[in-house]
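Since the structure comes first, as structure tokens, the remarks are kept for the end.
Throughout, a chain's letter reflects where its sequence line sits, starting with A, and its residues are numbered from 1.
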Amino acid sequence: MWHRSASFILDKNQNDTVYPADSVTLTPPPPSSISTPQNPNPNLNRNMSMSAYYQTRAAHHGVVTSDWLAQSQEAATRAVVTGGQEIVDGGKSGRAFSVIDEFNNWRKQPDLAEAVAAIRALAAVIRNSEAKTMMELEIELKKASDSLKSWDTTSISLTAGCDLFMRYVTRTSALEYEDFNSARSRLIERAEKFGEISYKARKIIAMLSQDFIFDGCTILVHGFSRVVMEVLKMAAQNKKLFRVLCTEGRPDRSGLRLANELAKLDVPVKLLIDSAVAYTMDEVDMVFVGADGVVESGGIINMMGTYQIALVAHSMNKPVYVAAESYKFARLYPLDQKDMGPALRPIDFGVPIPSKVEVETSARDYTPPQYLTLLFTDLGVLTPSVVSDELIQLYL
Amino acid sequence: MYMLIFKFVIYVSSYHLLLPLILAIKCIFSEVILTLGSSRTVSEFLFAAKEKKRSFRVFVAEGAPRYQGHLLAKELVARGLQTTLITDSAVFAMISRVNMVIVGAHAVMANGGVIAPVGMNLVALAAQKHAVPFVVLAGSHKLCPLYPHNPEVLLNELRSPSELLDFGEFSDCMDFGSGSGSPLLHVVNPAFDYVPPKLVSLFITDAGGHNPSYMYRLIADYYSADDLVVQRRAIAGN
């Protein structure tokens, strides 16, 4: 995994005989398979180990109309069992009620964050459980939570969301009730409330960041983040005059979707290719990004390209603001870019690539805290050094 | 209720005595200290250090346009301290001879940034360039829970141009009444400057010495999160 020195020549000789497995793997692929050559053959593409998290994002963020989305949603929910099997290699539970199916149901909604979908799925587990004691319920929940986490090991917000919910469940206050049924209904009610947090969190974050968007400012945005979209939407509704520079966000091309949405709001938008960021950085007043996960050091894990933009912004003294909900806080501490579990997604270059050529397919990178200025969360405005404090409070 | 107000008034008027007691013991040995303008906290701090038999010299930047540095220089001399008075423009020239910069603050923001009398950003940048520690003395009543979203404007005031220009000399250029529409000469006289947290080495408060990144903790002691999330329901249309 550590291709830093000329040892890649040695590694390549070892790996020449190993080819990508045909089936979709759920556990992180073994180190040797990362360096294997990518075949642009479409059949192999579908079977390549692609992070399911980014599959969802691709499905959500493809440049499609909302009509098409509604239709496909309907079709998907009708065919959810077979659709689920195509993406997931084997269901995880043999019971009539499958938490994975429930999760997939919730996940299809484009506006719902993954962590919240997971929590709703876990709430459904509580509702459908036949346990008679708190311990039994906890054990069922733990099993369901583990199966959700293993369904996609690369998604940080999913893991963080499950962990937070489990922590809440095991806290004593929920267990103080004598009567099991009332305790259970309280847990369900709490899970539902947690679900509302997704919508509310975005509103709070948007409100907190309004002050930072002043009239006449230029904002650089990377790819498509629903939270950042909410921030910009609220600023437009408050009649602020600003313009947005939006990177394309290859290979997702999610920036095109953002440009679409902003054009509808009559906000002046300019699209850039990812390489044009440094070129335009001097006319930018601030950078706004979302986050897939916020880690203990105060850094963020986000779509590939965020680190690059943060570096350029930092060298030109431009503030980098991150908008992230509190359930994205994760107990991770990456020491460098390769420290996280790899999340791969295939890149379509449009022309066939010779099989000897490797492609870097990682979908996300880690931005260290010294390049970030402020984080807007539903817990308030935080500087990166405050994140670890807040994490402790959340997880204790 | 009155007792609380009374206690607070006593605290505000005497807090600057606490600061030096705790910290004048620090690090001042045959050193050269630079300060800008005049801050009561800084002068009390320096007097206390002098009493503890530390030997040091003080460079005072005059702090245009109010020239409060002149008053500070007089006070320091009255206490027997070797003082040098310089203009603000000379700070960069003299900073290489300075061991430490000690200044007061008007307000300390939640991210560790400082709102200080105008000219302070200049001193902070010079100090960073020459690797001189920039120490800010601030009592806890200076702590502000806001983040500086527009630092040049937030908590700043634009004062009268008469501090820069004499009345009568430039009145023609600045007159709205005479000649065509708007005057060509504008005079900007901001009272405060914003110093970003990365330029500050240390904050000395009555709760001890801290990093800029730690200030949010002190602020959290006095302000709750509920004070901060502004429920602008009318605009946001919640």
task: Check whether Ile213(A) gets within reach of chain B through its side chain, its backbone, both or neither, counting any heavy atom under 4.5 Å.
output: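 Neither; nothing under 4.5 Å.
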- request: Counting only heavy atoms closer than 4.5 Å, note whether Asp285(A) contacts chain B via side chain, backbone, both or neither.
  value: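 When you check distances to chain B, no heavy atom of Asp285(A) falls under 4.5 Å.
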message: Rounded at 0.5 Å granularity, tell me how far OH in Tyr214(B) sits from OG in Ser385(A).
response: 11.5 Å
message: To the nearest 0.5 Å, what is the distance between CD on Gln370(A) and NZ on Lys198(B)?
response: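 So the gap between those two atoms works out to 13.0 Å.
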- prompt: Is there a side-chain contact (heavy atoms from CB on, under 4.5 Å) between Tyr216(B) and Asp389(A) once you walk through the steps?
  reply: CA-CA 11 Å; Tyr216(B) 75 91; Asp389(A) 256 1; 2.5 Å; yes
field: Under 3.5 Å donor-acceptor, Tyr147(B) side chain and Val381(A) backbone
entry: yes
query: Considering residues, nucleotides and ligands other than Lys240(A), do more than 12 of their heavy atoms fall under 6.0 Å from its NZ?
result: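 Atom NZ in Lys240(A) is packed in, count exceeds 12.
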query: Would the number of heavy atoms belonging to other residues, nucleotides or ligands and lying under 6.0 Å from CD of Glu390(A) be above 12?
result: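 Buried by this count: over 12 neighbours within 6.0 Å.
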